[in-house]
Each structure stands twice: as structure tokens, then as C-alpha cells.
Student: 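Following this message is one structure expressed as C-alpha cells.
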Amino acid sequence: MKITLFDGNVKEFENGMSALEIAKALSQKLGKKALAAKIDGNVVDLSTKIEKDCKLEILTFEEEDGKKALWHTASHVMAQAVLHLYPEAKLAIGPAIDTGFYYDFDVPEPFTAEDLTKIEKEMKRIVAQNIPLERFELSRQEALDFFKGNPYKQELINELTEGETISLYKQGDFTDLCAGPHVMSTGKVKAFKLLSIAGAYWRGSEKNKMLTRIYGTAFEKQEELAEYLKKLKEARERDHNKLGRELKFFTTNEAVGQGLPLIMPKGAKTIQILQRFVEDEEESRGYLLTKTPYMAKSDLYKISGHWDHYKDGMFIIGDEEKGEEVLALRPMTCPFQYMIYKAEHHSYRDLPMRYTETSPLFRNESSGEMHGLIRVRQFTLADAHIICTPEQVAEEFKAVLDLIVYIMKSLGIEDDITYRFSKWSPLNKEKYLDDPEAWETTQVLMKSLLDEIGLNYKEADDEAAFYGPKLDLQFKNVFGKEDTIMTLQIDFGLAERFDMVYVDSDGEKKRPYIIHRSSIGCYERTLAMLIEKYAGAMPLWMAPEQVRLLSITDRSVEYLKEWQNKLKAAGVRTSLDIRSEKIGYKIREARGERLPYIIVAGDKEAENGTLAVRKRGEGDLGEMSAEKFMSMLLGEIAEKSIF
RNA sequence: GCCAAUGUAGCUCAGUUGGCAGAGCGGCUCAUUCGUAAUGAGCAGGUCAGCGGUUCGAAUCCGCUCAUUGGCUCCA
């Protein structure tokens, strides 16, 4: 038979050879490294016998699917170890994920940290035994009998469509329902680590029972595992929730409440700088600034539909049943800006109207959702709504994306963002406006725009807003969790609900299109992202403190004050520490705060008119004339402020 | 909301079988005027997250609540 290899070469092999045998025939090394194989695009076990001409790719740990085969086997090894130690545990599911694997167990008592150590020990034993994995198939009835007493596996089997093969994998005394593929034997799982225990609902629905999930990861070599764990630890050192507090960007207070961070002077300064930048940029791009109330009567949200779709997420004041006026803090800005649009008549000549607002919003998140500055109950969104004619929507959409890309580049985060095209789901009736035709046309429009721009995006079902599809810009935090940082939405529903119109050139009243968008996202979340991205070392232009001046003797304080005033007059953000002692400690403290510049002066500098300059990332630049330092600094600030 | 873990001074942490709440760093005062973390002396700083219970006696044991953290669900 003829086998086409992944590099395009075609080789002749004996009929009936397994993928592993072919890998070994290709090279000894490949045979050793092989974990799984891909035959005509389908990932299979290495033991798969090949009977006819095909395309064959041998998968190693370097390929995503190779990794997943190893991780999937690791999850089986973990399940086997759990059953050895806790025979009463019921197995649910245990897949490979992006960074490793997990398995969900139904156990009477959730596992503890000590249990993880025990399970790891048992896993090591299973790995050392190098037990081969065997695949076999059963009929539906046989499979149901086999998993008698396990409601989870029974449910999975019952959901398989008639005629679908039901495969199982056996390793020693452990057998699991599994589509595969797997590596050849447990010995391949050489370096692994169980990372955490978590609760997780069966099949991801809060209506179901909560199971106990164990997360883990595995590598081919101990060194790779050690390297991964080290990186994980380093990433967590950048955690905005830790670093942001240490660097005094924000704090929280029990008496204030959950999800209500207190932004401290440094955090507030950075946000102010970003806000001024964004508002100026938007103004130059034709946006009109609005300021609208932080609350409204429930009537407004009833028109918009938020009352039906979002009531649980709102802070509501007043009880309707007691005959009181019912107000709610706003969870979004849209209905307010729509009322501004409606306060005047609009001709097609007026459009597009681009209303923008730096908008505090309030959402009553449930207690388990709050997280640092990323998920909070009050946040400030750089929000805007663009009301335009159908003919203008494509151009406006592109203009918004241009603004967003410009802002991302200014923040230096364009390579850290992924694009998600968030679509509706016809199955989730409660969540979306019921107008399948409008959903289809709007999604087709948005997709065609994205393709025209040539954006590299991922499609996601059931992630849309209730009134239309979204382009979400996603950022991964230090724990690998993805959050939306900015969003761009086309709304087909609300113009009609608010009866928004414009008079077209033919004298007819027509419905405008509405684009919802945020340009820099919400400032709290964006600040969190920037802290993690830069490990607290904010770029010079947005650093809340750009230069710290340190005096060595009381005699040099006046000299430093003089230069501080010159820097201040030039718009540089500085502070002066006049404690003329512990100079080493003060420098270390300033370095710990990741300040861009640290300036030291004593009697010598005061006499010579110089400053000792230390620059972040470059270390000690030595002594230089004060004038030279100042022009260098101003030059650097100017350069980075022009985007 | 659900499953878990955690909570002692501004920070990092100690506190034994329940028996006087501690250290280092930081802060303040005085002395020192010092060159890339650690000068000396002194002082202040705590409702041991909160409330209740058990006990002669609770930071410690039990219960509830609040907050923080990791997940799940939800979401910008």
C-alpha cells in the first residue's frame, strides 16, 4: 500500500502494518517519540492497522493532538489510581484540555490536598508498571450492562446515536468508556503533576449535581514539567490581584463589599491618563460626548428589554408591590443614549451619530463571580453607540475596528488579544430576541465584514448579546482564563423597540442600524490586564509615577526640589523622598515599585549640577548633567505619546 | 448561586495539648548626614475578619455571617 507522509513524500509499506510499525520503519527516533497518528485527518491510536492507501501523520508531543493523546491517557491513569484508593468513586468524564487534563468524580467526600499526594503516588505505581492500553468495542446493550451502577456513563451511552461505535479502553484492572485515542501504554505518562481540586457541575449545568474535579498536566520529561511549573509560578507573580495590591493600584475593604474595589491614587492616575487619551482620540474621530444618569425608572429597561433579559443582574431600588417608584442602577448605557438620539429629529444627512460616554455601570454579579479588578459590581466602560444608515454600517464597523486596533497598539497589547465572533443559539430561546431571520442576516453581514477585513477570528455559538452578534476581543489572564476586554456589536433589535428613525432622502422614515462598542473596554479590567501584561512596570506614558528623586543628604534636598519643579513644570509625574538615610533601601523600594526612572543626588551632584540616573530595565546609567537627563526624559515621553 | 481553601500589626509570618498576643521589615521621634536594602536609642501600631456557642478560661474547639482565593455556572 502507498502511504503519503505529512511532508508529501509517498512510501510503499506492507499491507496491515500498524501506525507505530510504520513510524519505527521511518526512523527509530520517531518510533520512540510517537504518541498517536493521524490517518486521512482522523486522529487514531498507534496500534491502528493500516490496510489501504492513505495519508499518515505520526503525532508526537510537539503536535497538539499528540499532546492530547498523552494527556487523555494521563487522565485515565488518574482515574485508575482514584478507583484503587476510593473504590466507591463514580467516574464522570475526563478529557484533555489546552494545558493538560482533568477528570470529574462523584465521591461522597471531596478530595483534599493530601488526597492528591496519595493519588499521585498511586499514579506513579501505575506508570511504572507500564500497562498496555487495549481498545475494544461493545454493543449499546453490552456497554449499558458494563457500566451498570454508573448513571453518568449510562447517560453518555444513551446519547450516542444508533449505529455509532461504542469504544472502551482497558488498562489492567481499569476500563473506561472512551472514543480515544490513547498512547500505547501507561509508561508513556512519565512526568505528571496534579494541580488543583475544584467543584464542577455534571455536564456544565448548574441544575445538575456538583462533582469533584481534579486538574493535572503531564509532559514527556521531568525537566519539561519543572519548566512548565516554573512558568506557571512566574505567571502568577504577575497576577494583577496580587501585584495590583502590592503596588498600591487598588485595594478592597470588607466593609465596602465584594466586587467594589477602591482604586488608589496610582491606579486612578493611570486610569485618568488612559481616559484622557481615549476621549481625545474619540473626539478627533467624530464622536459626541454625552453624560447620562446612573439610574432610571424601570420603564426605560422595559422598553429596551433589559428588564426581561437582565433583571437579576440589576441593582433595583424601590418595591413595585408597595406602590413605590422603581428605579434601577444602569447595567449599560444604550437606552440612555438612544433617548438622546430621540430628543431630536434626524435626517439621513445627520448620520452617523456617534455618541460616546465614559460610563460607570452597575451589575449585581453573584457572589462567586467577583475577581480582583476583572469582575466587579461597578465599573467604568468607554462606551459608545453609533447610529447610522444601513449603507453606512460597513464603513462604521471598520472605523470602529480601526480605532480599537489603534488603541491596542498604543497599549502594546495587540499581540495578546484574540478575536471571537460571538453568535446566538437558536436553542437558547430565553436569552435572545426571537427573530431568527434578523439574527441570520446580521450574522451574515458581520461575518462578511470580518472576512473582508481579513481578521483571524474564532466563531463561538451562544455568546451573542440578546439584541445581536458581537465581535469580542479576548484576553487571557495569568490563570489562563479568558475574558472579554473590548466588544463590537451590531444591534438589530433595539432601534425598533425604541422606535428610532431617520428621514431618508426619499422623505420616508427608516430604521437606523446601531453599533455598540467599547474602545478600550472598561478601565478597571483594562488596568488589570495592563498590570499583568507589564508585570506592574507600566510604559512610561501611562506610569502613574515616572521619576522618583532620592536625596542622600539633607543638603541635597533643595537641589532635588529645584529639579523636581522643573520636571513638574514640563508635565513629568515625580515624587521626592527626602529621608536622607538608607539610600540603598530606598532605591530597592523604588525598583520594587517598577518606577521608570530613579534619580539619586548627594553633595557631589548638587555641586556639579548632575544627577545619578537609574533607568528601569537598563540599570545604572551613572552620573549625567541634569539638563541632559531632562531633555532625554522629555524626548522619550514625547516619542511614546505620539501614536 | 454551587464545590473547596484561607483570614493574627501597613507587609511577611510565628503562636505547642485551650492558659498574659509575638518577631522581622516598614512607620514615627531623637541622635546620626550617610553613595546603591539593613546606623543607634526610643515610641506608636491588634475588637487575632465579625457575631454567637462550649469552657473557670478561646487567636486556638463548634456554628453562622462577612471578605479573599482557585474552580463550576454566569458575564464587560
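Excluded from the calculations below are hydrogen atoms, water molecules and symmetry mates; all remaining heavy atoms, backbone and side chain alike, are included. Labels below follow one simple rule: chain letters A, B, ... track the order of the sequence lines, proteins then strands, and each chain is numbered from 1. Note that the coordinates shown come from a computational prediction; the quantities given were computed from them, not determined experimentally.
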Student: Between C51(B) and A44(B), how far is it from one C1' atom to the other, in whole Å?
Tutor: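 Comparing C1' positions in C51(B) and A44(B) gives a spacing of 30 Å.
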Student: Which base, if any, makes a Watson-Crick or G-U wobble pair with G46(B), both distances under 3.5 Å?
Tutor: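 Result: none.
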Student: Could you tell me the separation between the CD1 atom of Ile214(A) and the C1' atom of C3(B), rounded to a whole number of Å?
Tutor: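 Distance check: Ile214(A) CD1 to C3(B) C1' gives 13 Å.
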Student: Is Glu605(A) side chain donor-acceptor paired with the G35(B) base, going by distance under 3.5 Å alone?
Tutor: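 Yes, the side chain and the base share a sub-3.5 Å donor-acceptor pair.
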Student: Taking only residues two or more places apart in sequence or in another chain, which ones pass ring-ring contact (aromatic ring centres under 6.0 Å, His included) with Tyr432(A)?
Tutor: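 Listed in chain order: Trp439(A).
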Student: Which heavy atom in Met529(A) sits nearest to a heavy atom in Ile413(A), and how many Å separate them?
Tutor: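 In terms of heavy atoms, the two residues are closest at CE-CD1, 3.4 Å.
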Student: By nearest heavy atom, map Val600(A) and Gly259(A) onto RNA chain B; which one lands nearer the 5' end?
Tutor: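 Final value for this comparison: Val600(A).
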Student: Taking atom P of C34(B) as reference, at what distance in whole Å does atom CD1 of Ile552(A) sit?
Tutor: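 Distance, rounded to whole Å: 10 Å.
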Student: In whole angstrom, what separates Gln258(A)'s CD from A49(B)'s P?
Tutor: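 In whole Å, A49(B) P lies 18 Å from Gln258(A) CD.
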Student: Taking the same atom, C1', in A23(B) and in A49(B), what whole-Å distance lies between them?
Tutor: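 Looking at atom C1' only, A23(B) and A49(B) are 22 Å apart.
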Student: Encode nucleotides 7-14 of chain B as B, S and - characters from 5' to 3', where the letter depends on protein heavy atoms closer than 4.0 Å: B to the base, S only to sugar-phosphate, - to neither.
Tutor: B-------
Student: Listed in order of residue number, which residues of residues 95-122 of chain A have a non-hydrogen atom at under 4.0 Å from RNA chain B?
Tutor: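 Under 4.0 Å from RNA chain B: Pro110(A).
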Student: Please encode protein proximity along nucleotides 70-76 of chain B as a string of B, S and -, counting only heavy-atom distances under 4.0 Å.
Tutor: BBBBBBB
Student: Rounding to the closest angstrom, what is the interatomic distance between A21(B) and G26(B) at atom P?
Tutor: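 Comparing P positions in A21(B) and G26(B) gives a spacing of 27 Å.
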Student: Should U29(B) form a Watson-Crick or G-U wobble pair with both distances under 3.5 Å, which nucleotide is its partner?
Tutor: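 The base-pairing partner of U29(B), which may sit in any strand shown, is A41(B).
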Student: Tell me yes or no: between the side chains of Glu463(A) and Trp424(A), is some donor less than 3.5 Å from an acceptor?
Tutor: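 Distance-only check fails for Glu463(A) and Trp424(A).
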Student: Given 3.5 Å as the limit, does a donor-acceptor pair link the side chain of Glu282(A) with the main chain of Thr356(A), or not?
Tutor: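 No: the side chain of Glu282(A) does not pair with the backbone of Thr356(A).
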Student: Between Arg203(A) and Glu159(A) (salt bridge meaning N to carboxylate O under 4.0 Å), is one present in this structure?
Tutor: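 Yes, this pair counts.
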Student: Taking salt bridge (charged side-chain N to carboxylate O under 4.0 Å, His left out) as the test, write out the residues that go with Glu122(A), two or more places apart.
Tutor: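 For Glu122(A), the residues satisfying salt bridge (charged side-chain N to carboxylate O under 4.0 Å, His left out) (neighbours in sequence not counted) are Arg125(A).
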Student: Can you tell me, in whole Å, how much space there is between the P of G35(B) and that of C30(B)?
Tutor: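 Nearest-Å result for G35(B) against C30(B) at atom P: 22 Å.
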Student: Leu550(A) CG to G35(B) C1': how many Å, rounded?
Tutor: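 The answer, rounded to whole Å, is 11 Å.
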Student: For G1(B) and U60(B), measure between their P atoms and round to the nearest Å.
Tutor: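 Straight-line distance between the two P atoms is 26 Å.
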Student: Starting at the 5' end of RNA chain B, which residue's closest nucleotide do you reach first, Gly257(A) or Lys604(A)?
Tutor: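 Of the two residues, Lys604(A) wins.
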Student: Can you tell me the base-pairing partner of A59(B)? Count Watson-Crick or G-U wobble geometry only, both distances below 3.5 Å, and say none if there is no partner.
Tutor: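 None - no nucleotide pairs with A59(B), as no candidate has both distances under 3.5 Å.
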Student: Take atom C1' in A37(B) and the same atom in G18(B), then report the distance between them in whole Å.
Tutor: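 Comparing C1' positions in A37(B) and G18(B) gives a spacing of 41 Å.
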Student: Report the residue from Phe336(A), Tyr338(A), Tyr287(A) that forms a ring-ring contact (aromatic ring centres under 6.0 Å, His included) with His385(A).
Tutor: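 So, applying the ring-ring contact (aromatic ring centres under 6.0 Å, His included) to His385(A) and each of Phe336(A), Tyr338(A), Tyr287(A), only Tyr338(A) qualifies.
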Student: Parallel, tilted or perpendicular: which fits the ring planes of His371(A) and Phe479(A), with parallel below 30° and perpendicular above 60°?
Tutor: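 Perpendicular, since the angle between the ring planes exceeds 60°.
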Student: Rounded to the nearest 0.5 Å, what's the gap from CD1 on Ile97(A) to NZ on Lys68(A)? Could you check?
Tutor: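 Rounded to the nearest 0.5 Å, the CD1-NZ separation comes to 8.5 Å.
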Student: Checking Gln474(A) against Thr418(A): is there a side-chain donor and acceptor pair closer than 3.5 Å?
Tutor: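 Thr418(A) vs Gln474(A): no donor-acceptor pair found between side chains.
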Student: With both distances kept under 3.5 Å, what pairs with C2(B), Watson-Crick or G-U wobble?
Tutor: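 By the stated definition (distances under 3.5 Å), G71(B) pairs with C2(B).
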Student: Side chain to side chain donor-acceptor pair (under 3.5 Å), that's the test. Do Ser196(A) and Arg213(A) meet it? Break it down for me.
Tutor: CA-CA 8 Å; Ser196(A) 62; Arg213(A) 173 175 298 179; over 6 Å; no
Student: Can you give me the closest heavy-atom contact between Gly468(A) and Phe492(A), atom names plus distance?
Tutor: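 Distance-wise, the nearest heavy atoms are CA-CE2, 3.8 Å.
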Student: Return the SG to CD1 distance between Cys522(A) and Ile520(A), rounded to the nearest 0.5 Å.
Tutor: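 Cys522(A) atom SG to Ile520(A) atom CD1 measures 10.5 Å (nearest 0.5 Å).
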Student: Do side-chain atoms of Thr380(A) reach the backbone of Ser359(A) as a donor and acceptor pair under 3.5 angstrom?
Tutor: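 Side chain of Thr380(A) to backbone of Ser359(A), a donor-acceptor pair under 3.5 Å: no, none is there.
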Student: Do side-chain atoms of Trp71(A) reach the backbone of Ala218(A) as a donor and acceptor pair under 3.5 angstrom?
Tutor: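 Here the side-chain-to-backbone pair exists.
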Student: Give a yes or no on whether a salt bridge exists between Glu545(A) and Lys269(A), defined as a side-chain N under 4.0 angstrom from a carboxylate O.
Tutor: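 Salt bridge absent between Glu545(A) and Lys269(A).
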Student: With rounding to the closest Å, how many angstrom separate the P atoms on G40(B) and C20(B)?
Tutor: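 Result for the P pair: 31 Å, nearest Å.
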Student: Taking the C1' atom in each of A9(B) and A59(B), what is the distance between them to the nearest angstrom?
Tutor: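 Between the two C1' atoms, the distance is 14 Å.
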Student: When all nucleic acid strands are considered with a 4.0 Å heavy-atom cut-off, which category describes Gly313(A): base, sugar-phosphate, or nothing?
Tutor: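 Since no nucleic acid heavy atom lies under 4.0 Å of Gly313(A), the category is nothing.
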Student: How would you label the contact of Asn253(A) with the nucleic acid (heavy atoms, under 4.0 Å): base, sugar-phosphate, or nothing?
Tutor: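 The residue Asn253(A) makes no contact with any strand.
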Student: What is the distance, to the nearest angstrom, from the CG atom on Leu195(A) to the P atom on A5(B)?
Tutor: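 These atoms are roughly 19 Å apart.
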Student: Give a yes/no on whether any side-chain N or O of Arg245(A) is located under 4.0 angstrom from OP1 or OP2 of U68(B).
Tutor: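 The answer is no; no side-chain N or O of Arg245(A) sits under 4.0 Å from OP1 or OP2.
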Student: Which atom pairs link the protein and nucleotides 38-46 of chain B when you take only N or O atoms and keep those under 3.5 Å?
Tutor:
{"residue": "U39(B)", "atom": "O4", "partner": "Glu581(A)", "partner atom": "OE1", "Å": "3.4"}

